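Here's the structure, in structure tokens; my notes come after.
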Amino acid sequence: MFLQQLINGISVGGVYALIASGYALIYSLLGFSNWAHGEVCMVGAYVALMSVSALVLPFPLAALAGIGGAALISLFNERFLYRRIRENKSPTMFLMIAAMGLSTVFQNGVMLLFGSKFQMFPTVIPITSISAGNIRIGVLDVMSLAISAAALIVMEFLIQHTKFGLGVRSVASNSYTASLLGVNVDKMLAAVFILAGALAGVAGILLGLKYNVFPTMGNVGLKAFIASVFGGLGSVRGAILGALIIGVAEIMVAGYLNSSLRDLITFSLLIATLLIKPSGLMGIHVEEKA
Amino acid sequence: MISDYTQGIIILVCINLIIVLGVSILTGFTRLFSFGNAGFMSIGAYASALLTTRLGIPFLPAVLAGALAAGFVSFLLGSLTLKLKGDYFLITTLGFGECVRVLFNYIEPVTGGAKGLAGIPKHTTLAVAVFSALLAIALAWTFIHSRYGRGLTAIREQELAAESVGIDVTKHKKISFVFSAMLAGWAGALYAHNLMFLSPVMFNLPRSAELTITVVIGGLGSLTGSVLGSLLITLLPEMFRSFANYRMFFYGLAVVAIIIIRPEGLCGYREFSLSRLLKFFRRKAVKGGGAG
């Protein structure tokens with residue numbers, strides 16, 4: 001029983017980690033929390049769903065379309081909105097307000113287009129479970145865990161071991177110095193938004209397979225965001241660790257205590273983190289520059 | 001004289017106005033972005049409603065108690081979190097708002113849980129609402145033009161500079177936070193006794209977001225802008241019923257557009273004044289006359 005819950009928790013945490021690492025990446029570069037990131041994930045799920053049901057594409061192609069769609073939306077946000085706000089030299093708070101407005105637009109726009117009903121993916125992954133001894137684990141959960149892990153490893157490789165990753169890390173460290181040294185900051189930002197969007201798209205499709213697709217599914221971004229705060233704002237590895245811990249904690253609370261307490265635990269964890277160690281598990285404490 | 005329907009709308013405008021003024025002071029004048037004001041509203045609403053329904057306490061002390069309860073909680077929260085900078089403060093208010101909502105859902109014996117709290121007496125009449133709104137405007141105006149208010153504006157413009165000329169930044173922020181929470185609690189108490197029913201879902205995250213949206217549309221740093229903003233946001237869906245479904249979509253678009261094109265919002269940093277309006281028209285007239 002415990003082992004089963006643990007694996008389920010890690011599987012949920014893996015999906016949170018895909019979104020949370022996007023928050024962390026963007027925060028590390030721009031120093032703001034991209035509230036619209038959860039909606040990017042939702043858009044990805046809808047694009048994939050529409051590709052399957054309206055265009056009758058085979059599922060793997062539809063999934064690619066969904067990931068691409070999410071990446072495009074994410075890039076759109078950066079190119080046409082966030083960049084202009086930065087160029088206006090507006091305070092960071094304005095980026096957050098704009099992101100909040102964007103998430104309202106996406107959520108309600110999708111609701112107007114497709115209605116607020118829950119929509120199902122056709123069964124692509126069998127809804128069976130593997131039994132070993134007295135534990136039963138859903139095939140979907142195992143697949144989801146494997147896919148999240150693979151996507152996160154690819155991202156980690158891109159950031160740590162490629163020239164692109166070096167550029168990103170240099171911008172995160174100091175964007176002004178990086179631009180003096182010939183790094184094209186805007187290009188790096190665009191690439192990071194694409195990467196974060198693609199990861200969110202993967203998460204959106206996995207969530208859609210598990211819990212169906214609906215306009216407010218982007219609210220899961222809130223959980224992922226909390227995970228990234230818990231792990232330390234701006235730290236990708238911290239975000240992944242935080243997401244796994246939150247995923248496991250949620251499943252355990254729901255399994256052993258009371259499912260209505262699940263969210264309370266998550267939010268209390270958030271406030272406790274901020275009060276005890278605002279820099280999170282793996283964050284570096286940075287004083288805000290005036 | 002005035003139909004029930006119109007009265008209902010005026011009451012709604014007044015209630016929204018009170019809470020938006022609080023958000024305006026916090027976001028527009030102190031540049032603290034909060035997602036917790038719906039939470040404070042719910043504290044005021046539940047506190048006052050429980051007092052009048054369960055303990056039979058009269059309306060006026062109940063409203064006061066609602067505002068004070070919200071203020072007290074915000075004081076505690078502010079003491080803990082206002083030293084945190086930028087994003088971190090916002091995140092704690094967000095966590096707080098959601099915690100309050102989940103708690104009200106969970107303590108079902110007291111609050112009625114998700115099924116809601118019914119049977120609250122109707123005390124918020126037109127006169128009460130209008131009087132409250134006028135009083136709130138007067139209070140907010142006085143506050144903004146007091147020493148503390150000017151301190152807040154200084155903090156908004158440049159926190160470090162404000163600190164270096166001797167403004168106690170944390171204290172000022174705390175005053176602003178408590179003031180805005182008390183307005184929210186007050187509005188919540190009126191809301192409870194207008195609707196006669198409460199449910200935790202009414203105070204969710206989108207509700208807090210809508211408040212910030214109203215302030216941004218009215219103009220960050222303008223009280224009269226916030227008044228206009230809340231009029232607009234409350235009246236539009238009433239006047240155009242078919243608009244109601246699209247409203248959040250367009251509000252979101254409006255916010256994004258305003259932040260990009262005209263970050264100062266409808267009214268900018270200016271307050272609406274009759275003399276400026278007259279001057280504007282006179283100038284127009286002169287121009288028109290010159291051309292003709």
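Fair warning: this is a prediction, and the values are worked out from it, not measured in the lab. Letters A, B, ... mirror the listed sequences (proteins, then strands); counts begin at 1.
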Q) Would one find more than 12 heavy atoms of other residues, nucleotides or ligands at under 6.0 Å from atom OH of B:Tyr148? A)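 Incorrect, the count does not exceed 12.
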**Q.** Within 6.0 angstrom of A:Tyr256 OH, more than 12 heavy atoms from elsewhere
**A.** yes
Q: Among the options B:Thr27, B:Leu103, B:Leu94, B:Val255, pick out the one with the most heavy-atom pairs lying under 4.5 Å from chain A.
A: B:Leu94
Q. So do the side chains of B:Met248 and A:Val105 get within less than 4.5 Å of each other, counting heavy atoms only?
A.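 Side-chain contact under 4.5 Å: no.
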Q) Is the closest side-chain heavy-atom distance between B:Phe249 and A:Thr104 below 4.5 Å? A) no
Check whether [X] gets within reach of chain B through its side chain, its backbone, both or neither, counting any heavy atom under 4.5 Å.
X: A:Ile226; result: neither
X: A:Leu81; result: both
X: A:Tyr82; result: neither
X: A:Ile85; result: side chain
X: A:Phe106; result: neither

Q.
If we define contacts as heavy-atom pairs under 4.5 Å, which of A:Asn219, A:Val229, A:Leu222 has the most with chain B?
A. A:Leu222
From [X] [atom1] over to [Y] [atom2], what is the distance, rounded to the nearest 0.5 angstrom?
X: B:Ile213; Y: A:Met100; atom1: CD1; atom2: CE; value: 4.5 Å
X: B:Phe33; Y: A:Phe94; atom1: CZ; atom2: CZ; value: 10.5 Å
X: B:Tyr246; Y: A:Asn108; atom1: OH; atom2: CG; value: 12.0 Å
X: A:Arg83; Y: B:Ile260; atom1: CZ; atom2: CD1; value: 12.5 Å

**Q.** Under 4.5 Å from a heavy atom of chain A, the part of B:Leu205 involved
**A.**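 Just the side chain, heavy atoms under 4.5 Å.
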Q. Measuring heavy-atom distances to chain A, does B:Phe96 have an atom under 4.5 Å in its side chain, in its backbone, in both, or in neither?
A.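 Contact with chain A is through both the backbone and side chain of B:Phe96.
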Q: For residues B:Ile259 and A:Ala98, report the shortest heavy-atom separation together with the two atoms involved.
A: CG2-CB, 3.9 Å
